[in-house]
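Taking it in order: structure first as structure tokens, then the write-up.
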Number of protein chains: 4
Amino acid sequence: MSENVAAFPQAENENDHGDDTDKSSGSSDGGKDVGGVAGARLRSFIERIERLEEEKAALMEDIKEVYAEAKGTGFDTKTMRKIISLRKMETEKRRESEELLELYKSAIGMV
Amino acid sequence: MSENVAAFPQAENENDHGDDTDKSSGSSDGGKDVGGVAGARLRSFIERIERLEEEKAALMEDIKEVYAEAKGTGFDTKTMRKIISLRKMETEKRRESEELLELYKSAIGMV
Amino acid sequence: MSENVAAFPQAENENDHGDDTDKSSGSSDGGKDVGGVAGARLRSFIERIERLEEEKAALMEDIKEVYAEAKGTGFDTKTMRKIISLRKMETEKRRESEELLELYKSAIGMV
Amino acid sequence: MSENVAAFPQAENENDHGDDTDKSSGSSDGGKDVGGVAGARLRSFIERIERLEEEKAALMEDIKEVYAEAKGTGFDTKTMRKIISLRKMETEKRRESEELLELYKSAIGMV
DNA sequence: ACCGTGGTTAGCTTTC
DNA sequence: GAAAGCTAACCACGGT
């Protein structure tokens, strides 16, 4: 019990009046709320997440398709990626990194 | 036929070590179609991608929020992630097994 | 065409009296010597590969440890990675890529 | 310099304009220790990593050779790869399941 | 002989 | 500060 992992909600209350555990409508399992309301909620959360991840995967697929189309038109996708990444990058931070890199390079004589 | 998109679309080639003395710094449209139709197309592709990536980022945000909500309800997100990962693994493994089966079938002529 | 994948070298081995070179009782996938000696050979190849991949994984672990040690000494690992990657890169190729990138950038007006 | 990136271990130095091109051997800590002890250590780390990566590359080469040999014997490498991947997946999944079980156990106080 | 595809690896982010 | 998951780049292979 070194780390409290708290898999299920009912554990978080410090007011642990222990008799609230088995309220689940005559559940035959006697105790764990297996299949009970917490289980239902958990399932719901998980399904929501899985649904969102599917959408994300679809979007990634779309992106890949755009790249493919661009490539089919004759563009170089590697360069495109580089451009997009550059546009995302803050200039300041980039410059700093480059300075640091120079420093290191001179440190090892790789001028 | 000679409707070759020119300028950009042949970029993929990385050898061609020609030391391109033709500096495009002059930004004359003479040869490169800089800012011309290929440039416009490229820009369009890039903007489409950036738009999709924004949507993706939004989705990722949503996912984070669901986790946060679940956590607020008392669930342990680490466990949730593991469950989701296992479920995904099951799906993947099943899919791969089916592919393997197909492979075997074709191997023995059961096509 | 040519759906013939030929998973096994000599499939026509009708003499399939399980000559039990196969000792693996616990094997999950058909560890059976279906097809005669070919199964044994296949298993041998696969085990050799798995062994090599273990070694590779160990090596990757070692590399991670060196990075960790360097970090513990105060170096910035991200920069180190960059240096290593630069050293691997042929200068010529890198310069060319940069030129191409410049070209693209000017193409979309991102000067 | 929003984030202190900790360019060099000996950090204590606040004078940061390393204008002094001090390459002299008896560098008296006045500047960056360029080429000094930190540089030497960095170089050592980098060389160790590069050595390990060479070994790794050799191992990858070996793996390729085994695949080639198997192919020469008549096996279908694609199938082999899939089998190996499935076997790895099994191992991973089993490990993860066990972790999940531990998680659950601690969650219900079965520590 | 080239292109497209998929699988692999490394780097980055985020979490604990 | 360490660990893991996610993402993107790389590379090798098979197909056309």
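Remember, it's a predicted structure, so these values are computed and weren't measured experimentally. A, B, ... follow the sequence lines: proteins, then strands. Residue 1 opens every chain.
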Please confirm whether the shortest side-chain N or O distance from D/Thr77 to OP1 or OP2 of F/dG14 is below 4.0 Å.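 For F/dG14, OP1/OP2 do have a side-chain N/O of D/Thr77 under 4.0 Å.
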Which residues share a salt bridge (Lys or Arg N to Asp or Glu O under 4.0 Å) with [X], sequence neighbours left out:
X	result
C/Glu47	none
B/Lys82	D/Glu99
D/Arg48	C/Glu69

Can you tell me the distance, in whole Å, between the [atom1] atom of [X] and the [atom2] atom of [N]?
X	N	atom1	atom2	result
D/Glu50	E/dA10	CD	C1'	16 Å
C/Ile83	E/dG11	CD1	C1'	16 Å
D/Ile84	E/dG7	CD1	P	14 Å
B/Leu100	E/dG7	CG	P	12 Å
D/Glu96	F/dG5	CD	P	6 Å
A/Lys56	E/dT13	NZ	C1'	12 Å
D/Met80	F/dA12	CE	C1'	16 Å
D/Glu61	E/dT9	CD	P	13 Å

Residues two or more places apart in sequence or in another chain: which of them pass side-chain contact (heavy atoms from CB on, under 4.5 Å) with D/Glu61?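 Expected list: D/Lys64, D/Glu65.
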Qualifying residues under side-chain contact (heavy atoms from CB on, under 4.5 Å), relative to B/Arg51, sequence neighbours excluded: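 By the side-chain contact (heavy atoms from CB on, under 4.5 Å) rule, B/Arg51 matches B/Glu54, B/Glu55.
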With sequence neighbours excluded, tell me which residues meet ring pair (Phe, Tyr, Trp, His ring centres under 6.0 Å) with A/Phe45.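 With sequence neighbours excluded, A/Phe45 shows a ring pair (Phe, Tyr, Trp, His ring centres under 6.0 Å) to B/Phe75, given in chain and number order.
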Anything under 3.5 Å between a donor and an acceptor, one on a side chain of residues 84-91 of chain B, the other on a protein residue two or more places apart or in another chain? List them.
{"unit_1": "B/Ser85", "atom_1": "OG", "unit_2": "D/Glu96", "atom_2": "OE1", "d": "3.2"}
{"unit_1": "B/Arg87", "atom_1": "NE", "unit_2": "A/Glu50", "atom_2": "OE2", "d": "2.7"}
{"unit_1": "B/Arg87", "atom_1": "NH2", "unit_2": "A/Glu50", "atom_2": "OE1", "d": "3.0"}
{"unit_1": "B/Glu90", "atom_1": "OE2", "unit_2": "D/Lys93", "atom_2": "NZ", "d": "3.2"}
{"unit_1": "B/Thr91", "atom_1": "OG1", "unit_2": "B/Arg87", "atom_2": "O", "d": "3.0"}

For the side chain of C/Met60, counting heavy atoms from C-beta on, which of F/dT7, E/dA10, F/dC6 is nearest?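 When the side chain of C/Met60 is considered, E/dA10 is the closest of F/dT7, E/dA10, F/dC6.
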Does the side chain of D/Ile83 come within less than 4.5 Å of D/Thr79's, by heavy atoms?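 Heavy-atom side-chain distance check passes, below 4.5 Å.
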I'd like to check C/Arg81 versus C/Lys78 (side-chain heavy atoms, cut-off strictly below 4.5 Å). Are they in contact?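 When only atoms from C-beta onward are counted, C/Lys78 and C/Arg81 do not touch, as no gap falls below 4.5 Å.
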Under 3.5 Å, N/O pairs linking protein and nucleotides 3-6 of chain E:
none

Polar pairs (N or O, both sides) under 3.5 Å between protein and nucleotides 9-11 of chain F?
{"unit_1": "F/dA9", "atom_1": "OP2", "unit_2": "A/Arg81", "atom_2": "NE", "d": "3.3"}
{"unit_1": "F/dA9", "atom_1": "OP2", "unit_2": "A/Arg81", "atom_2": "NH1", "d": "3.2"}

At under 4.0 Å between heavy atoms, what does B/Glu53 touch on the DNA or RNA strands: base, sugar-phosphate, or nothing?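 Sugar-phosphate only.
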